[in-house]
Each structure stands twice: as structure tokens, then as C-alpha cells.
Amino acid sequence: MSRNTKQVPKEEIIKQLETCDIVRQLLAKKPKERKALVDTYGCQQNEADSEQICGMLSQMGYGFTDNVEEADLVLLNTCAIREHAEQRVFGNVGALVHSKRRNKDKIICVCGCMPQQEYVTEKIKRSYPHVDLVFGTHKLWQFPSLLLSVLQNKKRVFAIEDEGGRVAEGLPVLRKFSYKASVPIVNGCNNFCTYCIVPYVRGRERSREIEDIVREVKDLVNGGCREITLLGQNVNSYGKDLEKAKDFSDLLIALAQLDGDFLIRFMTSHPKDASDKLFAVMEQYPNKIAPQLHLPVQSGSTRVLTAMNRGYTREKYLELIRQVRARIPDITLTSDIIVGFPGETQEEFEETLSLIELVEFEALFTFVFSARKGTPAEHFEDPMPIVQKKENFQRLLDVQNEISERKHAEYIGKTLRCLVDQIDEKGNVIARTPGGRRVHLEKDCGKLGEFVDVSITNASKWSLFGVIQK
Ligand code: SF4
């Protein structure tokens, strides 16, 4: 397939921008400013999508509010990764019926990964008649014309067709923060891990052109952005679908060579596609590429990894860890683990425990397996009782907590260049180490988005504590 078939033509984007103006003129006839509430669920990719949605809403003349009653438009950008999250969305969509009864003109939209599943759209059609607009991940760039259709025709609109997933450049973005930003580099996934719904709801991998990403990052850096997180379900397969032979390492080099004081992070890496070439680039640009690697292993058993269709073995994973530590000894390593994958035996769980003891991650994101409708693992035999799974889960947590506490203690006495990341209304300040760990600073110190040298004075299993060096 030629590269051009994957990009939304410029004229189509211009049409959407013109539609923004038409909606703006329509809204200008209303007596007061229209306000939107955008509620985002799930991962950072969804957060990034919401920033585009807000960009389009702003261009259409909407202001923003957190108050449902005050909102003229409520949009739920949903996540399909876990059933629990879906139930929560359905609950929230249901609750909006009261608000809609009080204001018949209120527009309710549901978008994101959930509607990409047929049963969800059918359920909304049948059981939630107060929802006006439903669109899937492939239709996001058409939001202005979909909304205009709802406003003009006063009819419900459902747009969830999979277009083979194209890349849309040039849409407006309204960023939540000025000092940090997420930049999607590849959307969708080709891996079909047997437990995961992502390939079904976000389609096949589509990489953005390297020039478009470099331009966006350059603009961000010139605008004062200090931390840029490159996003993709599998960043390591970036560029495989591009005509020009560019891979993730080439992209990192191009970004690291930009002028300015900023740090690049990325997520998520897939062990199947991670390589020593990537680690060499990270080693080469220590001031621009964060010494941080989130490398989801999921299980320490090769048999379970094969059943998950992960495409690597326990040995290959451990070799990657050896390679990256050889190049960047103080790299911050984190990972994901699924406990109780269907068919996992007690011995196989013990292999996972032994792997985390061998690697010593600084933190783990751990889950007890729960089947997602529409994935192959939904039909796998699952003989291990849930009580046993929960017991294993607790053992895993206990072992990891002890490792995290020990790893964090190693920071005490070090001085690190950290980015001031959060200051709450009580004056509590949190900074991030280059490896992405949270550091609690003294109250009312530092400025949001500035790099400061921090001496680490204390540590717990969750966090670090420090003071800014004057
Ligand atoms: S790599 Fe696997 S787990 Fe990750 S998004 Fe793709 S299918 Fe899902």
C-alpha cells in the first residue's frame, strides 16, 4: 500500500477546519457562550486524542467547564481496555439522562475505543436514546462535521466505520500543560496479544511521518515545553509502515538533535521490537533522552508468553535487560505483569516471581487477568481458582514492594536534575527524576515546569523525598 493512501488528504482537513468556522458562526447566534465538558478515560493516547478534540471544540467557539449542568456539550472519550472501565462509562452515560431532561439542547457525545465494539454501539442505540453523537477512534478527525450534522439536523449520528485507519495531520490541539506534552507517533497495533482488545478498537499500526513529528516537537520546545512523551501502543515498531526507511531510533536521533533544554520520554516499548540499537541511541543522548524504560514483560514463563502471543521468550527479555543496563547502568526500569493468565500453572507463576527478583524493577503495574470480550483469551481454559490467583497476586506485590523500597533507598544522597511537575493548591510540590520517579519536595518551592537540582533525602516504597539545592 502506498504511503499516500494512509494520510488524510490536506483538502479534507481544510474542510474540517472550515466546518469549525461554520459551527462557530452557528453558536455565535446563541445568547451566551457555549461550554463543553470533556471527560477522558483510559490511557495517555486517549488524553492526547482529547487534546485534539478540545482543540477542535475551541476552534468551534466552545469554552470549557467541569460542571455537567453548565455544559452545553458533554463528551465522554472512552476506554475499552477493561470491563470495569466500560461499566463505569455506561453508568456515567446513563446518569446524563437527568441533565439532558433539564436541558433538551444539551449535546451528549460518546467517542473513543468503546464504540469501536459493535455491541457497545448497539447498546447505546437501544438503551441510551439521550446520546446524540457516537464516533469511533477512526472518525476523530471528522468530529466538526459530525457535530455540525447533529446541530443542524437534530438527529442522532453514529460514525464508527473502520477506514483502515488513516493519519490526520494539521488538526488543532488544545494542550493541558505548557511545560509537558504527549506526542503520538504511531497509532494502532499489529501484535494481537491474545488478551488485548487494542488492535480491534484502534486498528493497524499507522506511523506519522518523521518530519511531522519533528516539526511538532520543535514547536513545543520553542514554546517552552520541557518534557515530551512520545506515544504509541508499540513505539519500537515506529516507521515499519513508512515508505522511507526510518525506525524509532532514527526518530529519537532526529529529536535529540533539536536545540533546547528538554527531555524525551516514550511509551510503550514492546520487548519483541526493542533492540540494542535503541539502547545505544539512549546512551548517546543522555541529556535529551530520559534514562527510563517501561518494558512490559507480562509473564516470566516462556510458555505463558507464547500463549499470550507476545513474540519473545523469558531469555530474550532477560537479555534485553542485560543489554540496556550494560549501556545505561542507572536506568529506571518498570514493567507490567498479568497474574493468572488462563492456563498459568503455579510453577509458571513462580517463574514470574523469579524474573522480577532477577531484574529488580523500580515499579510494576500488576493486574489479575480479566477476560476482555472479543479477544481469543476469553475462550481459553482457566482452571486456576480466583482465590489462588489473588494469593499469587499478593505475593507478587509483597516481593515487588520490598524491591521498590530497596531500589528507592539507593537514591538517598544523590543529586538529580528534576522537573517540577505538580504544585497543588496546598503548596505541595512534586518533581520527576530523569527516570520518571516522583520526588516530593518541600512545600511552596520551585516553579512549575522548571528544571531544578534536587538532593534526595529520604525514600519509601512509593516515592522519593528531596530538597532543591540552592
Ligand atoms: S502490543 Fe499487545 S498488549 Fe500492547 S496494544 Fe498491542 S496487542 Fe495490546
Side-chain angles (χ1 to χ4, degrees), residues 41-49 77-86 112-114 116-117 136-138 162 164-165 167 182 184-208 229-241 247-248 265-275 278 293-314 316-317 320 334-344 352 355 361 364-380:
Y41 300 77
C43 65
Q44 273 184 291
Q45 179 61 52
N46 253 18
E47 295 283 350
D49 286 350
N77 188 7
T78 66
C79 168
I81 208 90
R82 277 172 227 298
E83 196 162 329
H84 175 71
E86 285 198 357
C113 292
M114 271 177 68
Q116 225 42 74
Q117 305 164 97
T137 53
H138 300 270
D162 181 340
V167 176
S182 298
I185 60 166
V186 50
N187 212 329
C189 184
N190 289 357
N191 289 325
F192 290 94
C193 300
T194 52
Y195 53 84
C196 181
I197 195 77
V198 167
Y200 307 94
V201 293
R202 286 210 169 255
R204 298 296 75 71
E205 279 168 6
R206 285 100 60 201
S207 304
R208 295 176 64 196
T229 304
L230 307 177
L231 292 183
Q233 306 299 337
N234 174 10
V235 288
N236 305 108
S237 67
Y238 170 79
K240 282 185 182 169
D241 57 324
D247 65 14
F248 184 52
R265 303 187 190 279
F266 53 85
M267 65 184 301
T268 300
S269 281
H270 194 303
K272 176 172 73 69
D273 299 306
S275 68
L278 166 68
L293 187 67
H294 180 68
L295 196 63
V297 62
Q298 308 298 6
S299 168
S301 149
T302 297
R303 195 209 61 81
V304 175
L305 290 171
T306 307
M308 290 175 167
N309 193 30
R310 291 290 290 171
Y312 54 89
T313 60
R314 172 190 174 94
K316 157 93 194 277
Y317 187 89
L320 286 171
T334 55
S335 193
D336 298 338
I337 299 275
I338 297 173
V339 174
F341 186 75
E344 181 185 74
T352 299
L355 184 135
F361 298 103
L364 275 185
F365 299 87
T366 47
F367 308 91
V368 176
F369 173 80
S370 100
R372 281 309 287 125
K373 213 179 159 100
T375 61
E378 186 193 359
H379 308 291
F380 289 179

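We count ligands from 1, going down the list as the structure has it; atoms in each ligand are counted the same way. Only this structure's heavy atoms are used, side chains among them; waters, hydrogens and symmetry mates stay out.
Close approach of ligand 1 to Arg310 is summarised as follows: ligand atoms under 4.0 Å from at least one heavy atom of the residue are 2 (Fe), 3 (S). Close contacts between ligand 1 and Pro199 involve ligand atoms 7 (S) [criterion: under 4.0 Å to a heavy atom]. Each of the atoms 7 (S) of ligand 1 lies under 4.0 Å from some heavy atom of Phe192.
Among the backbone and side-chain atoms of His270, none of the N, O or S atoms lies under 2.8 Å from atom 2 (Fe) of ligand 1. Put simply, Cys189 gets within reach of atom 6 (Fe) of ligand 1, with an N, O or S atom under 2.8 Å from it.
Panel note: side chain Arg202, backbone Cys189; no donor-acceptor pair is recorded below 3.5 Å. Side chain of Thr229 to backbone of Met267: no donor-acceptor contact under 3.5 angstrom is found.
Shortest contact from atom 2 (Fe) of ligand 1 to any protein heavy atom: Cys193 SG, 2.3 Å. In this structure, atom 3 (S) of ligand 1 lies nearest to the protein heavy atom Tyr195 OH, 3.5 Å. Looking only at heavy atoms of the protein, atom 8 (Fe) of ligand 1 is closest to Cys196 SG, 2.3 Å.
Geometrically, Arg310 does not engage Tyr317 in a cation-pi contact, judged by NZ or CZ lying under 6.0 Å from the ring centre and within 45° of the ring axis.
Counting only non-hydrogen atoms, the option in Val201, Thr375, Val198 that gets closest to atom 5 (S) of ligand 1 is Val198.
Using a 3.5 Å distance cut-off with no hydrogens or angles, the side chains of Asn234 and Asp273 do pair a donor with an acceptor. A donor-acceptor contact closer than 3.5 angstrom is absent between the side chains of Asn309 and Thr194.
Leu293 places none of its side-chain heavy atoms less than 4.5 Å from the side chain of Phe361.
The neighbour count for His84 NE2, taken as heavy atoms of other residues, nucleotides or ligands under 6.0 Å away, does not exceed 12.
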